[in-house]
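Keep in mind that the numbers below use all heavy atoms, side chains included, and drop hydrogens, waters and symmetry copies.
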Amino acid sequence: MQLPRLESRCKFGAMDGDRTTKWGEGTAADLVADAHSLGVMKASPRMVTSWVEDGMLASPEPRKTSPHGSDPRVFPPEQRELFTRLLEARERSPLGRIPQRSLIRVVLYLWLIDDTIVHTPQARRAWRTHARATGQTTAVRRGKNVRAIVEQLAHPSATLKQRRVAQLVLEEGERTGRIDIGKLTAVLTELYSPWPVQPGMPRIERALPGPFGPVSVQHHIAMWKAREQTFRRLRHEEIDENELDRVRAVYRPMWADYQARRPAMATIGDGEFAAYFAEPDTMEGRAIKAVDAFVGTLAGELGLIEAAAHAAETARLRLAR
C-alpha cells in the first residue's frame, strides 16, 4: 500500500512526481542512505534506533540467511517508505523543521486508519512519545493558551481578580500536569457564573451554547481530568496492545459516522459552529483531529470520563453547600 502523500511545499515536495516508487525492505544503513539521498545528511544509525524507540518506526525484523549467522535486521517496505515520507514532511516547515510531536501524530493517524503500515506494538511506543510531549511547552506559550481559555470561559461580568485567580490555577495545572478538581471547580465556577450567592438560594450557574447542547463548567473540568489521566496511562505504557486494538475497533465506526455527518453538523445554529466542524486541508491537520478524537474515545472506554464527571459533580455540590 502506498502511504498517503504528506503534503509538502519544501524542496522535497515534488520528489518522484507522479511516479510510483517500488519500495523494498532495507537495513538501518539503507534507511540512512535513503535520508542522505534526500539531503538529510545528519541521518545516522543512531537516529534510526531513536526513531524505533520513539515509535516513529517499527522494530526491524531478523533475517537469517546462512547457517553461521544472521544478516542485519531489516525494515519491511512499508516502514522504509514511512521513514522517507516522514523525512520529507519534516523538511517542509518554513520555520525550520516540523517538531517530532507533529510527525508522531502522523504515525498514529496511519495506525488509526490502516492496518498494514503501522502495527500496534509500534503505535504503543508512539502513544507513549505523544503523551510525553503533550503539555511540554514554554511558559510564554502556556500563559497564552491559558489566557485564551479564561477569555473563552469568563462571563463578561467576571472581575479582573476572578480572571487572574483562574489563570493562575490553570497555569499550575498546565505546568504540573495535575488537575485538581476541587480547586478548579471553585475558581472556574466563579469565573463562569460570577454572581454572589443569595442566602437560602441555590447558586445560579450558566451553561455556554455548544454544538451538541449547553456546556457546563463541570463538563470542561471532567474532560480535562479524563484526558490528563489518559495521557498519564499512555505515558507509562499502562494500556496494553489488546486494549488499544479494542478501542481502535470502537473508534473507527464512530469516527467514520462523524466524518459523514460533519457537513450537516456545520450548519447547526445557522453555521455558528461551522469552524468547529471544518475539515482540515492538510494531513497533519487531519492527524491532529483524529488523534485527539481517539484520546477522547479511549478516555471514555476506560471509564475515565464517567469517573471525572462524577468527581466534578461532587465538587460542585460540595461548593454549593
Side-chain angles (χ1 to χ4, degrees), residues 134-135 137-232 265-278 289 292-293 295-297 299-300 302-321:
T134 299
T137 185
T138 64
V140 172
R141 177 58 63 86
R142 279 198 305 269
K144 182 178 180 181
N145 292 342
V146 166
R147 285 192 296 273
I149 293 172
V150 169
E151 288 306 310
Q152 175 189 356
L153 299 183
H155 187 274
S157 299
T159 66
L160 290 177
K161 180 180 179 181
Q162 288 169 329
R163 294 167 190 262
R164 180 59 178 163
V165 171
Q167 182 174 329
L168 291 174
V169 172
L170 286 168
E171 284 181 350
E172 180 184 8
E174 288 281 306
R175 187 181 69 256
T176 63
R178 297 184 180 90
I179 304 298
D180 186 325
I181 288 183
K183 187 182 293 186
L184 268 182
T185 298
V187 301
L188 293 187
T189 299
E190 290 287 332
L191 183 75
Y192 216 68
S193 306
W195 305 292
V197 179
Q198 301 299 322
M201 298 291 291
R203 174 187 288 274
I204 299 175
E205 297 184 34
R206 71 180 179 126
L208 289 176
F212 303 109
V215 182
S216 68
V217 71
Q218 283 75 36
H219 171 81
H220 291 292
I221 295 171
M223 293 306 299
W224 288 333
K225 182 64 176 180
R227 288 178 65 85
E228 178 259 324
Q229 292 178 316
T230 303
F231 280 121
R232 180 183 60 76
M265 289 179 173
T267 66
I268 294 175
D270 294 327
E272 180 183 358
F273 303 103
Y276 183 90
F277 297 107
K289 292 286 189 181
D292 283 351
V295 171
T297 303
L302 294 176
L304 299 176
I305 293 177
E306 183 179 358
H310 177 74
E313 179 62 12
T314 299
R316 185 191 73 83
L317 293 175
R318 187 180 299 117
L319 182 67
R321 291 173 185 168

Quick check for you: to the nearest 0.5 Å, what is the distance between [X] atom [atom1] and [Y] atom [atom2]?
| X | Y | atom1 | atom2 | value |
| --- | --- | --- | --- | --- |
| I181 | R318 | CD1 | CZ | 10.0 Å |
| L188 | I221 | CG | CD1 | 5.0 Å |
| T267 | F277 | OG1 | CZ | 9.0 Å |
| H219 | I305 | NE2 | CD1 | 8.5 Å |

Task: side-chain contact (heavy atoms from CB on, under 4.5 Å) involving E174 - partner list, sequence neighbours excluded - done: R142, V146

Task: V215 to Y192 - nearest heavy-atom pair and separation - done: O-OH, 2.7 Å

- [ ] Might you point out which heavy atoms bring T230 and A299 nearest each other, and give the distance in Å?
- [x] OG1-CB, 3.2 Å

- [ ] Salt-bridge test for E151 and R163: reply yes if a basic N is under 4.0 Å from a carboxylate O, no otherwise.
- [x] yes

- [ ] Go through the steps for V165 and K183 under the test side-chain contact (heavy atoms from CB on, under 4.5 Å), then give the verdict.
- [x] CA-CA 11 Å; V165 171; K183 187 182 293 186; over 6 Å; no

Open item on the list: Using only atom types and a distance under 3.5 Å, with no angle test, would you say the side chain of Q162 pairs donor to acceptor with the backbone of T159?
Closed with: yes

Open item on the list: With heavy-atom distances below 4.5 Å as the criterion, would you say the side chains of Y276 and F212 are in contact?
Closed with: yes

TODO: Go through the side-chain N and O atoms of E313 and Q218 and say whether any donor and acceptor fall under 3.5 Å apart.
DONE: no

